[in-house]
Each structure stands twice: as C-alpha cells, then as structure tokens.
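What follows is a single structure, written as structure tokens, with notes after it.
Nothing fancy with the numbering, it's 1 onward along the sequence.
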Amino acid sequence: MNKVSTHLSLLSPAKLNLMLHITGRRADGYHQLQTLFQLLDYGDTLHYQLRQDNQITLSPSIPGVADQDNLIIKAAKALQMYLIQNPLSPTKAQPQNSHSHYGVDIQLEKILPMGGGIGGGSSNAATTLLALNHLWQSHLSIDKLAAIGLPLGADVPVFIRGHSAWAEGIGEQLQPVKIPPSWYCVIKPESEISTAKIFSHKQLTRD
C-alpha cells in the first residue's frame with residue numbers, strides 16, 4: 001500500500017510578459033489579448049499540511065490583504081467547493097487512500113513583490129490548486145484545474161500548465177512554446193501598480 005502524502009512543498013514561480021497586445025474588450029469587462037508568457041525558475045515557496053477537518057488556514061497573512069481576498073485561500077476554497085459538490089468516484093480514489101475532509105494549513109514564504117506584474121498571486125493560486133489536487137487525491141485533470149482557476153485570474157491557467165506559452169483570448173487560450181534559455185534581471189521600483197486599475201482605465205489602448 002502506498003503511503004498517503006500529508007504534506008507538500010512547492011515552488012510558486014514568477015512570470016514575465018515578453019510582449020503584450022490588448023486587442024479588445026469583452027462585454028463582461030475582460031480584455032482580449034495576445035501575450036508571450038515566460039515562466040521563471042524563481043518565486044515564492046508554499047508549504048501544505050493536511051488537516052483532519054475542513055478548515056483552510058494561511059500563515060503568515062499578507063499585510064493589507066484580508067485572508068478572504070487572498071488568491072491562495074480563494075483557490076483552496078474553489079477546489080474544496082468543487083469536490084464537495086462533485087464527490088469523487090470510488091474508481092478514482094481508493095477507500096484506504098481517500099480523505100474524508102478537505103482541510104489544509106498553508107504556509108507562505110513570500111519573496112515575489114506585490115503589484116509588480118509578475119503574477120505572484122496567480123501563481124500562488126495555481127500552485128495551491130496543483131498541490132491540493134495531489135494531497136486531497138482528487139485526480140482532476142490539468143484542464144479541469146485550469147477551468148477552476150480561470151475565474152480567479154486570467155494568468156492562473158498558464159501557471160497550472162507549467163510551461164511558457166503564447167496566449168490569446170483573455171489569457172486562457174495557450175499554445176506551449178520553447179523559448180531559448182535566458183537570464184532575466186527583474187527589478188521592481190518602490191511602487192505598486194494594480195493590474196485591475198490599469199485594465200479598467202479609460203485611456204488604455206484597446207485596439
């Protein structure tokens with residue numbers, strides 16, 4: 001019998017947009033775009049420890065961000081709700097390896113800056129979905145995880161798929177690309193920029 005994993009630690013990588021074209025805006029407010037995502041081998045680290053109840057905790061909290069607004073918590077709760085509403089088939093999870101609860105303690109080692117446009121929050125959300133899919137033994141496909149993650153942020157699917165990609169649509173239409181190995185120096189000034197505010201600004205070029 002394989003031992004059931006109760007804890008897991010994963011890197012939550014940053015990304016760069018090597019180019020970005022805004023090609024239009026949908027009726028729901030999301031923007032159509034073309035971009036080239038480059039994933040980096042540098043990022044935050046997340047540690048997950050299963051609980052024997054359905055509680056989801058995060059430590060430490062991020063200053064200025066309420067837990068209920070944190071994408072890590074949102075991702076965990078989105079997967080938890082999906083699994084509660086769609087009970088696992090016995091053929092997908094053996095009884096001796098199944099968990100009756102979907103709870104987890106999450107510890108975040110944060111090094112990626114907020115408001116820097118490098119996808120830290122989206123990456124944390126995607127990493128959480130991947131980690132809990134393993135720990136909770138839900139055996140969901142990458143496509144399903146990407147679908148669960150998309151409402152959390154347009155960048156979440158590329159982190160779930162885990163490779164650099166050409167993206168269209170709102171960022172969910174992905175084509176894997178091989179980019180020659182490169183070194184990048186990522187510098188963030190002492191300021192933060194809200195992606196939501198930029199994309200909602202009336203002077204943003206949308207064609």
Side-chain angles (χ1 to χ4, degrees), residues 2-18 20 30-50 56 58 70-94 97-99 101-104 106 108 112 118-179 181 195:
N2 293 330
K3 185 177 180 179
V4 179
S5 298
T6 61
H7 56 87
L8 184 64
S9 297
L10 292 177
L11 175 72
S12 178
K15 60 86 179 171
L16 300 179
N17 294 81
L18 299 186
L20 174 64
Y30 275 96
H31 287 79
Q32 302 280 358
L33 54 81
Q34 295 176 324
T35 191
L36 182 58
F37 286 118
Q38 167 73 68
L39 298 190
L40 305 182
D41 56 356
Y42 175 80
D44 301 330
T45 301
L46 286 153
H47 308 279
Y48 304 87
Q49 177 67 53
L50 288 180
I56 295 170
L58 173 66
N70 191 299
L71 286 178
I72 297 171
I73 298 293
K74 285 187 172 183
K77 289 188 174 181
L79 182 57
Q80 182 188 65
M81 183 59 64
Y82 178 86
L83 295 175
I84 290 173
Q85 294 176 347
N86 301 272
L88 299 177
S89 165
T91 61
K92 292 184 178 180
Q94 297 298 323
N97 291 337
S98 64
H99 297 289
H101 301 292
Y102 298 115
V104 66
I106 306 171
L108 170 64
L112 298 178
I118 55 178
S122 294
S123 180
N124 290 169
T127 302
T128 296
L129 290 174
L130 291 167
L132 297 183
N133 187 48
H134 173 74
L135 289 174
W136 290 345
Q137 300 183 65
S138 46
H139 303 282
L140 300 181
S141 68
I142 292 297
D143 287 343
K144 175 56 69 176
L145 292 177
I148 294 172
L150 181 59
L152 301 172
D155 291 348
V156 174
V158 72
F159 288 111
I160 287 177
R161 298 188 184 281
H163 47 68
S164 298
W166 171 259
E168 295 189 80
I170 62 172
E172 87 287 8
Q173 298 173 20
L174 299 167
Q175 299 179 31
V177 295
K178 293 192 72 172
I179 300 174
T195 301

Write out all pairs satisfying salt bridge (charged side-chain N to carboxylate O under 4.0 Å, His left out) with one or both partners inside [range], taking only residues at least two apart or from two chains.
{"range": "residues 125-142", "answer": "none"}
{"range": "residues 125-136", "answer": "none"}
{"range": "residues 126-141", "answer": "none"}
{"range": "residues 35-48", "answer": "D44-K110"}

Nearest 0.5 angstrom please: [X] [atom1] to [Y] [atom2], how far?
{"X": "K15", "Y": "S164", "atom1": "NZ", "atom2": "OG", "value": "11.5 Å"}
{"X": "L40", "Y": "L16", "atom1": "CG", "atom2": "CG", "value": "4.5 Å"}
{"X": "S123", "Y": "L46", "atom1": "OG", "atom2": "CG", "value": "8.0 Å"}
{"X": "I118", "Y": "L39", "atom1": "CD1", "atom2": "CG", "value": "12.0 Å"}

What are the two closest non-hydrogen atoms of [X] and [Y], and how far apart are they?
{"X": "A167", "Y": "L174", "value": "CB-CD2, 3.5 Å"}
{"X": "L135", "Y": "H7", "value": "CD2-N, 3.8 Å"}
{"X": "S12", "Y": "G120", "value": "OG-O, 4.5 Å"}
{"X": "L11", "Y": "P13", "value": "O-CD, 3.5 Å"}

Assess the residue pair Q49 and T6 against the criterion (side chain to side chain contact (heavy atoms under 4.5 Å, CB included)); give the C-alpha distance rounded to whole Å, side-chain angles, the decisive distance to 0.1 Å, and a yes or no. CA-CA 6 Å; Q49 177 67 53; T6 61; 3.8 Å; yes
Distance-only donor-acceptor pairs under 3.5 Å for side chains of residues 142-163, two or more places apart:
{"from": "D143", "atom 1": "OD1", "to": "R161", "atom 2": "NH1", "distance (Å)": "3.0"}
{"from": "D143", "atom 1": "OD1", "to": "R161", "atom 2": "NH2", "distance (Å)": "2.9"}

Are the side chains of [Y] and [X] in contact, using a 4.5 Å heavy-atom criterion?
{"X": "L18", "Y": "F37", "answer": "no"}
{"X": "E168", "Y": "L33", "answer": "no"}
{"X": "L50", "Y": "W136", "answer": "yes"}
{"X": "V177", "Y": "L36", "answer": "yes"}
{"X": "H134", "Y": "S5", "answer": "yes"}

With [X], which residues qualify under side chain to side chain donor-acceptor pair (under 3.5 Å), at least two apart?
{"X": "Y48", "result": "T128"}
{"X": "H47", "result": "S9, E109"}
{"X": "N70", "result": "none"}

Excluding sequence neighbours, so at least two apart, what forms side chain to side chain contact (heavy atoms under 4.5 Å, CB included) with [X]?
{"X": "N86", "result": "Y82"}
{"X": "L10", "result": "L8, T127, A131"}
{"X": "Q32", "result": "T23, R26"}

Could you list the donor-acceptor pairs under 3.5 angstrom formed between side-chain atoms of residues 71-81 and any protein atom two or more places apart in sequence or on another chain?
{"from": "Q80", "atom 1": "NE2", "to": "N54", "atom 2": "O", "distance (Å)": "2.9"}
{"from": "Q80", "atom 1": "NE2", "to": "Y102", "atom 2": "O", "distance (Å)": "2.7"}

Is there a donor-acceptor pair closer than 3.5 Å between any side-chain N or O of T35 and the backbone N or O of N17? no
